[in-house]
Amino acid sequence: MEKTISGITIECIKGDIVSQPDITAIVNAANAQLRMGGGVAGAIHSAAGPGLEEECHPLAPIKPGEAVITGGHRLPNRFVIHCLGPVFGVDKPEDTLLANCYRNTLKLAEQYKIDSIAFPAISTGAFGYPVEEAAEVAFRTIIGIVPKLRYVKRIRFVLYSESDLDIHEKIMSALKSRI
Ligand code: AR6
């Protein structure tokens, strides 16, 4: 599913964040130390190779809601933007911190004149954020920022499961009627 708002395409697909060769920057659901870890971070570091951890080392630690940028190393993408989502029930207020992830990531993307970006569903895996609530925060934040974007033209959500895709599509269609 995709829709265009203020000339920017927002889309949801089912897939793997490390297999988005047409996208300039992919987003890592990182850990504070910017190390390999599991889930998205594990997949990104495995695909990028050890050079990514080396580049990350001096940038760590980061706080919930913060984002930092590195090169893509062996990934097909030019950049990786690493952000630390909130741990649900621990880092509060969760919704503000999660919104900051999307806000700060898009801010960096603009600074680096990035035209396309792919997000995973930050915080919804190991960090336990309920997918539906997280998707509401993600879309609400992005919709608020979209009119201000100059360089980013495509924002892709890459969902790992059919059910996560369904939830994101449902929330995206509901948003349509509110715009
Ligand atoms: N591509 C797209 N989505 C994925 C992929 C993938 N390759 N792998 C998992 N997902 P998570 P978090 C989905 O746990 O909750 C790590 O260990 C997954 O199904 O990667 O922010 C880090 O080291 C879920 O819906 O990120 C941190 O310590 C979503 O991506 C911690 O987990 C996010 O899952 C970060 O936890």
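Both ligands and their constituent atoms are indexed starting at 1 by order of listing. Model, not experiment: these values are computed from the prediction.
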Verify the cluster assignment for Tyr151 and Ile142: are they in a single hydrophobic cluster under the rule of side-chain heavy atoms below 4.5 Å apart? no

Atoms of ligand 1, numbered as shown, that sit under 4.0 Å from any heavy atom of Asp16: 1 (N), 6 (C), 7 (N)

Going by distance only, is there an N or O of Val40 that falls short of 3.5 Å from an N or O of ligand 1? yes

So, Arg150 and Glu110, do they make that salt bridge, N to O below 4.0 Å? no

Applying side-chain hydrogen bond (donor to acceptor under 3.5 Å, both in side chains), which residue pairs with at least one partner in residues 117-135 are found, sequence neighbours left out? Glu132-Lys170

Side-chain contact, heavy-atom cut-off 4.5 Å: Ile145 with Arg103? yes

Does Arg78 come within less than 4.0 Å of Asp115, counting only side-chain N to carboxylate O? no

Minimum-distance protein heavy atom relative to atom 28 (O) of ligand 1: Asn31 CB, 3.4 Å

What protein heavy atom sits nearest atom 15 (O) of ligand 1, and how far away is it? Gly125 N, 2.8 Å

Starting from atom 31 (C) of ligand 1, what is the nearest protein heavy atom, named by residue and atom, and what distance separates them? Phe127 CE2, 3.5 Å

Checking Asp166 now: which residues fulfil side chain to side chain contact (heavy atoms under 4.5 Å, CB included) with it, not counting sequence neighbours? Glu162

Minimum-distance protein heavy atom relative to atom 8 (N) of ligand 1: Tyr160 CE2, 3.5 Å

Selected option - heavy-atom contact closest to atom 21 (O) of ligand 1, from Ser123, Gly85, Ala134, Ala43: Ser123

Could you check whether atom 18 (C) of ligand 1 has a protein contact, counting only heavy atoms that fall below 4.0 angstrom? no

Looking only at distances, can you tell me whether any N or O atom of Ala30, backbone or side chain, sits closer than 3.5 Å to an N or O atom of ligand 1? no

Search all heavy atoms of Ile62 against all heavy atoms of Glu66 and return the closest pair with its distance. CD1-O, 3.8 Å

Taking the six-membered ring for Trp, are Phe139 and Phe157 ring centroids under 6.0 Å apart? yes

Asp164 heavy atoms, cut-off 4.0 Å: which ligand 1 atoms fall inside? 25 (O)

So if I count the atoms of ligand 1 from 1 in the order they appear, which ones are less than 4.0 Å from some heavy atom of Gly37? 17 (O), 23 (O)

Just verifying a value: how many Å separate Glu169 CD and Leu159 CG, rounded to the nearest 0.5 Å? 8.0 Å

Taking atom 25 (O) of ligand 1 as the reference point, the nearest protein heavy atom with its distance: Thr124 OG1, 2.8 Å

Quick one: pull up OG1 in Thr24 and CD1 in Ile117 and give me the separation to the nearest 0.5 Å. 9.0 Å

Contact partition for Val131 relative to ligand 1, non-hydrogen atoms under 4.0 Å: neither

Ligand 1 contacted by Val18 (non-hydrogen, < 4.0 Å): no

Checking a contact table here: which protein heavy atom is nearest atom 33 (C) of ligand 1, and how many Å away? Ala121 O, 3.3 Å

Considering both backbone and side-chain atoms of Gly38, is one of its nitrogen or oxygen atoms within less than 3.5 Å of a nitrogen or oxygen in ligand 1? yes

What residue and heavy atom of the protein are closest to atom 1 (N) of ligand 1, and at what distance? Ile17 N, 2.9 Å

Examine the side chains of His45 and Glu53 and answer whether a donor and an acceptor come within less than 3.5 Å of each other. no

Atom pair CD1/CZ of Ile26 and Phe79 - distance to nearest 0.5 Å: 12.5 Å

For atom 32 (O) of ligand 1, closest protein heavy-atom neighbour: Ala126 CB, 3.4 Å

Would you check the N or O atoms of Met36, main chain and side chain alike, for any that come under 3.5 Å of an N or O of ligand 1? no

Under a 4.0 angstrom heavy-atom cut-off, which atoms of ligand 1 come close to Ala29? 21 (O), 22 (C), 26 (O), 35 (C)

